Every structure is written in C-alpha cells, then in structure tokens.
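Source: prediction; values computed, not measured. The sequence lines fix the lettering, A, B, ..., with proteins before strands; numbering per chain opens at 1.
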Amino acid sequence: MTFRAKHLLGIEHLGPDEIVTLLDLADQYVDLNRRDVKHSEVLAGLTQINMFFENSTRTQASFELAGKRLGADVMNMAMQASSVKKGETLIDTALTLNAMHPDLLVVRHPHSGAVNLLAEKVNCAVLNAGDGRHEHPTQALLDALTIRRAKGRLHRLNVAICGDIAHSRVARSNILLLGKMENRIRLIGPTTLMPSQIGEFGVEVFDDMREGLKDVDVVMMLRLQRERMDGGFIPSEREYYHRYGLDPEKLSHAKPDAIVMHPGPMNRGVEIDGTLADDINRSVIQEQVEMGVAVRMAAMELLVSARRTQPEGVMV
Amino acid sequence: MTDILLTNARLIDPQAGTEFEGGLVTSNGKIKEVFTSGGKESDDAFRMRNPAATHVDCGGNYLAPGIVDIGVKVCEPGERHKESFRTAGRAAAAGGVTTIVTRPDTIPSIDTPETLEFAKQRGMDIAPLNIAPMAALTKERAGREMVEMGFLRDAGAVAFTDGDNVVANTKVLIRAMTYAKSLDALVMGHPQEPVLSQGAAVTSGKFASLRGLPAVSPMAERLGLERDLTLVEMTGVRYHADQLSTSLSLPALEKAKANGLDVTAGVSIHHLTLNELDVGDYRTFFKVKPPLRSEDDRLAMVEAVATGLIDVICSMHTPQDEESKRLPFEEAASGAVGLETLLPAALRLFHSGHLSLPALFRAMSYNPAQRLRLPSGRLEKSAPADLVLFDPNAPFVLDRFALHSKSKNTPFDGQRLQGRVLKTFVAGVEVFSK
C-alpha cells in the first residue's frame, strides 16, 4: 500500500500511486456503506474534530458520517460562532485544539493557504475540506472515484470542467488530479471567470460550450459562486444560463454516454437544467455524494495508518 | 571630533563610476581629502601629513559613500512596538545606511509641521545617523486636501508622498502637484491603479492561479505610472516613482525621461532579488507591496538599474510584528524589513555579474542623495564623511533574530548571503563596527 502523505492539504502533493491507493480503499468502503450494518473500528478510540470556518452542510455531514462509520469520536465546531469572533487568531485556535490531542482535524477556511498554515502548528493529521480558491482535495478524489466507477477507468478520458473556474477550488483540485492521471482536460466558461494564465496548466480553454463539449466523456459543472464575486463577472444569470447552462441540447455535443457531474449545491436553472440534473441515465450527482463518504473514510484511514507506521518520518 | 584617516581601502566613487585603491581623511565631519595609492604621494607620506587623525587600516576592503535609503518606515509615532528610531538607527548603521528618508505613513500621518518636527527631532536625538523626513502629500493621506506644503518644506520635508495610499482623485493630485511645482518640491508617487490592486496579495498569473490567491495584473502599475506621468507633463512637477517592479512600466518611464520630464524611479531590493515563486507555500514574509513579480520582470528591473533607467534602489523597510504576519496569506500584513539586508542582498547582483559596485552605489547612495538635494552620496572633498566599509565576499547565513530591527520580518531568513558591513561612519563618527 502506497500512501506517504502526512496531511491531505491538496492534490498538488499527492502522487498518482497514492491516488490509486486511496481510490482502491474507497471502493471497499462503498461496499461497506451499502450494507445494513455500516460500521468499522478502524478509527476506534481516535478523535476527529471538524472545524468549519465557512458554512457547509454537505461536506461537513459527509466528514462526520465518515468518521462515525469508522468508529472515531467526532466533534463538530462551528467556528463562525466561536472564539474567532472574539479575536482569536487561527494559529491560537489551532494550538488550543491541538492541546486536546485530536488525531484528525478536518478544516474548511475561506482563505487560500489557511489550512496549510494550520497544519504547520499541530501534531495530528489535517484534512483540507476546502480553503479559499485553492484546493478541495476530497471533492476531486470523490469525483475521480465516481468517474472511475462509471467509465471503468481514470485515464485517457476527455473531461470538460465548465463554468466559474476562477472562484473554484474544486476546479483546481480536479485539474491537478485529472492531469496527474493523464486525462485530457478542457475548461469551458466565460473569459471573465477563467483564472489568469490557466492555459499553462496543461488544459485546453474554450469560451463556447458546444465547441468545448464536443466528444467529451465527462461533463463537470461548477456552481456559480455568487458569494465569492465582488461584482460584475457576468452580465446576468439568464444570459449565463443561455450561454453556459448545461441543457440537453448542449449536452448532445458530448459523447452519447457522457456523464454529468456537479459538486453541489446546484443552482438549478443557472448552471444546469433541473431535469437534466435528475436524469438517472446521465447524471451521477447522487453517486458523487455517496462516493464522498467512502473517499473521506479512506483518506482518514490512510492518514492515520501512515502516521502509525512512520511517526517521525519525513513526510509531505 | 577627531579626524579619521582611512588607508589601504578600495574606494568606490559612484559619481565617476570608478573603483581605486587609496584612502581618505575626514575633518569636522566632512571628507577633507581623498588620495589614490600609487599616485604622486605615498601612503606613508599621506599619513605623515595627518598625524592627529585616528588611523584605520581598511585591510583592502571596500569603502563607499553611505547608503541613502528612500522610503524607510520607522513606525514612530504610533507603532513603536514594531520599530523605533533607536532600533531603526541601529539596523541602518549595521547595514551601512547613513541617511534614512522616512515615510509619512505613521499613526498619525506626518502631515503637519508639528508632527514632522517631532519625528525629525526624535530621530536626531536617538538615531546616530541622518534623518531626512518625507511628509504626506494630502492631509491624513486621505487624498482630499493637500498638506501645508510650504510650512512642511521649511520644517525639513525632503519630499511629499501619500505612500501606498494612491491619490485616486485626479483633480486633487493635479492641484497638489501644481502647488508642489511652485515650491520646487519633490512629489513621490506609488504607481498603481488603486481599484485594481485593492485586496491583491500576489501578481496574477500561473502561480496566483495555482495558489488561489487574490491577484493583481502588473498592468495596474503601468496604468498608475502612465497617469502620474501625464500629470507630471501637465504640471511640470519634480516626480519620483517610489517603486517600479514590472517591465511593463519601463517604456513609459523611458519616454517620459526622453521627453525631458523631471522624473526618476526607484525599485526595492526585494523586487531585484526575489520573484513571485518565493512565496512558495504561502510564506507571508514574502508578501510585499507591490507583490513580487515574475523572474522575467525581476531580470528586466536589474537591467533597468544597470542602464540607469531606474535611478534608485531602496529597502522599502516596512517592519511588521509577528502577529500581523502569522495569518493566512490574504489577511497577513504586507512589507518586509530591509535596512540591514539591503547591502548584502544588493551584493547578490554584484556577485552574479549583473551590476558593478559603482553602479550599485550610484543607485543606493549617489542618485538618491542627488534627487533629494542632499550633500551626501559622494566621495569627494567637502562632502559629508558618511561612509561604509564592507567586505563584499564574507559569507553568512542570515538569522532573522540577529537583526537589530525590532521586527524580524525579513524574507532572507535562513538564506546564504555574501557581504558584510565592517564599519559605518556618519559625519566622520564611527556608528557601527563589526
């Protein structure tokens, strides 16, 4: 089993072998999660703390469930209502929690790099549950598992990532992961929502949906992150939907068996047609949620066992 | 005050662009005479003629005019926990800086003759070097009303600037520049389009996209510079751009100089020796304003110093306490200390073969002094005896906690540097000795 990482801060520092190891283990947890009794003792006696400095329902629930199914003691901290409001710095918060000897810290933060900073100050494994516009590694891993199960492989696929790339940590992690696994990546969206020099990431960039979706195997839609926009990236939501919203007509340019993905939560009628999102023949959006729990179980198990085997090792 | 006789030195004359072996003697705080070894008079004869002077054998090390650093933030008044005149003075002396040209972006801003006099007096009382204060261009650096420029000039302000608070209201800026022109005062601008650069932590591009950090295009600097230069053309004011950092700005500067505008520009040592990738995994000590640029830009700036298009190298010394840097990158404060590392970092450019020592001291001593009409920066008879003696080859690893500044936010922590200051003299008095 190959897994060297000390923390899961991003896809950037994972090797392809580590990604495969994690997805293989997650496959086993998918089976466990489909049984009547969904319980393991892998993390029994260990403490997992979920620190969310940004609102989250889905990701936090997924991490909580993953920890509980592995037998960990899970605590959720709503950081917006806590001592952060009293002026405590991120590092002090981290040190305070560290003193309570957690084994796993799951952190979401509105600022890029904040989880890296926190990981430098604690003794336990840190999982990035999304930091600013930087990375959201477990989302990319669950997307990868969903693709691998639907398509039977995770290489040499044409994958289109569509929409608000600029504000999306999901897009960054997916670009890194799919690139490491040797897929062809296309980014489709209005130029105002493309990060600068994104073409240098080994991707093809399109501003036309029909052209960009031609013959792709996977269509990943992104949520239009209205809350991260400081004004004026698109003229209106209806024009955005007209030009970039995924509907059956635009999808018809992709391969006939192309799958449709979305990290949620969806803005129906803004970036995706509601009926299409519910079409069980094309949409794997519900599977993505299911894979999320399994991938997070696998990630936590691997981080804990890497620490057990190499407590003082030089790990990234 | 005893006279000092310095012999066996390699002298750097930035004005003439030469290096030669010799020495000099000081008298009453000024350079009395410079001599060249192997000239018509021997070293011994020179010594015999100055029997009363304290003799310093420079051991073949380099002697240059002390550095005149434009744009030092001392943090007094208002934030003495970050830096005081005492600690800034020690850091400057240890770095071979003999004149600090202080910034007005303190709390409160230096925008009245009273605050300027306070800062200058405090500096002169406790810092063993020359203090040349700059004043704000507008009251409270708020960009609405010009300061009492006449009073401030009479109180000793060497230039007027709102620092990185760019005066966004062009009408206010035109009036301030027109008034400054009538006083023959120097206006220092921070070329930046203020709306574009708001909230930016790094330069836009591949690295910024990978790290997911709020970024600003280097074009924002060019936009700001082109606006300022247009207004300089309108008003005829003497203008200095505090820091240029991207090659995109250079054609506009070149054209303005060719058209005869009274314009000069500076660059910070950080933009000459570091690039955006040094930020690495969100290292906040590398967060400066404007943000670090690409390697191509860095090399273009070094080249612009070599050709003389860029006139001044400065440290942009900006102390920040640990708390303001131990934050997520976006939230962390900008700025780096630089008084003590300016010379060793600049020597990287000498060791890499990009700049000669006379060219470096032209940009660090002679040009800034000329621009501010200060008498220093020269190695000639009757110039102030502000001198730095240094060994350009001495290697060391920088430990930030060994710095004299109260704040330790240097991007060079743990890095190998080459070149140490051995002695610093201000007005003929030794203020630092290793």
Side-chain angles (χ1 to χ4, degrees), chain A residues 7 9-13 53 84 87-95 107 109-121 128 130-136 165-173 175-176 179 187 194-203 205 225 228-232 316, chain B residues 193-222 246 248 275-287 291-297 320-334 409 413-414:
Chain A
H7 304 292
L9 301 178
I11 300 297
E12 189 184 355
H13 300 295
F53 294 88
V84 179
E88 189 174 68
T89 66
L90 179 64
I91 290 178
D92 285 334
T93 307
L95 293 177
V107 186
H109 197 281
H111 288 152
S112 305
V115 184
N116 299 50
L117 177 68
L118 192 143
E120 286 170 19
K121 309 291 173 188
N128 181 1
D131 63 324
R133 310 173 190 179
H134 177 221
E135 282 228 45
H136 190 354
I165 314 283
H167 298 95
S168 176
R169 51 195 176 214
V170 175
R172 280 172 181 73
S173 288
I175 291 167
L176 291 169
L187 304 181
M194 286 290 167
S196 69
Q197 293 182 19
I198 194 71
E200 293 190 19
F201 285 75
V203 297
V205 181
Q225 302 211 28
R228 280 184 206 280
M229 294 187 183
D230 49 10
V316 180
Chain B
E193 209 292 315
V195 177
L196 280 182
S197 53
Q198 204 167 35
V202 288
T203 303
S204 62
K206 187 179 177 189
F207 180 77
S209 293
L210 182 65
R211 287 284 173 271
L213 289 169
V216 61
S217 163
M219 281 291 183
E221 181 178 299
R222 178 172 127 185
T246 161
L248 295 169
N275 69 33
E276 58 185 349
L277 300 181
D278 285 306
V279 168
D281 265 340
Y282 304 98
R283 294 191 290 171
T284 57
F285 281 9
F286 292 82
K287 183 174 178 181
L292 293 174
R293 307 299 194 188
S294 68
E295 178 65 2
D296 286 348
D297 275 333
Q320 297 290 3
D321 55 19
E322 298 288 302
E323 300 317 317
S324 55
K325 285 287 188 183
R326 289 176 67 198
L327 291 170
F329 199 86
E330 280 172 59
E331 292 174 62
S334 297
N409 54 307
D413 185 38

Flag this pair as yes if the NZ/CZ of B:Arg211 is under 6.0 angstrom from the six-membered ring centre of B:Phe329 and inside a 45 degree cone about the axis; otherwise no. no

Is the charged tip of B:Lys325 near the ring of B:Phe285: under 6.0 Å from the six-membered ring centre and within 45° of its axis? no

For residues B:Asn275 and B:Leu292, determine if any side-chain heavy atom of one lies less than 4.5 Å from a side-chain heavy atom of the other. no

With chain B as the partner, which of A:Glu200, A:His111, A:Glu12, A:Gln197 has the greatest number of non-hydrogen pairs under 4.5 Å? A:His111

Using heavy-atom distances under 4.5 Å, tell me whether A:Ile175 contacts chain B through its side chain, its backbone, both, or neither. neither

Side chains of B:Gln320 and B:Asn409: do they bring a donor and an acceptor to under 3.5 Å? no

Engaged part of A:Glu135 at the chain B interface, taking heavy atoms whose separation is under 4.5 Å: neither

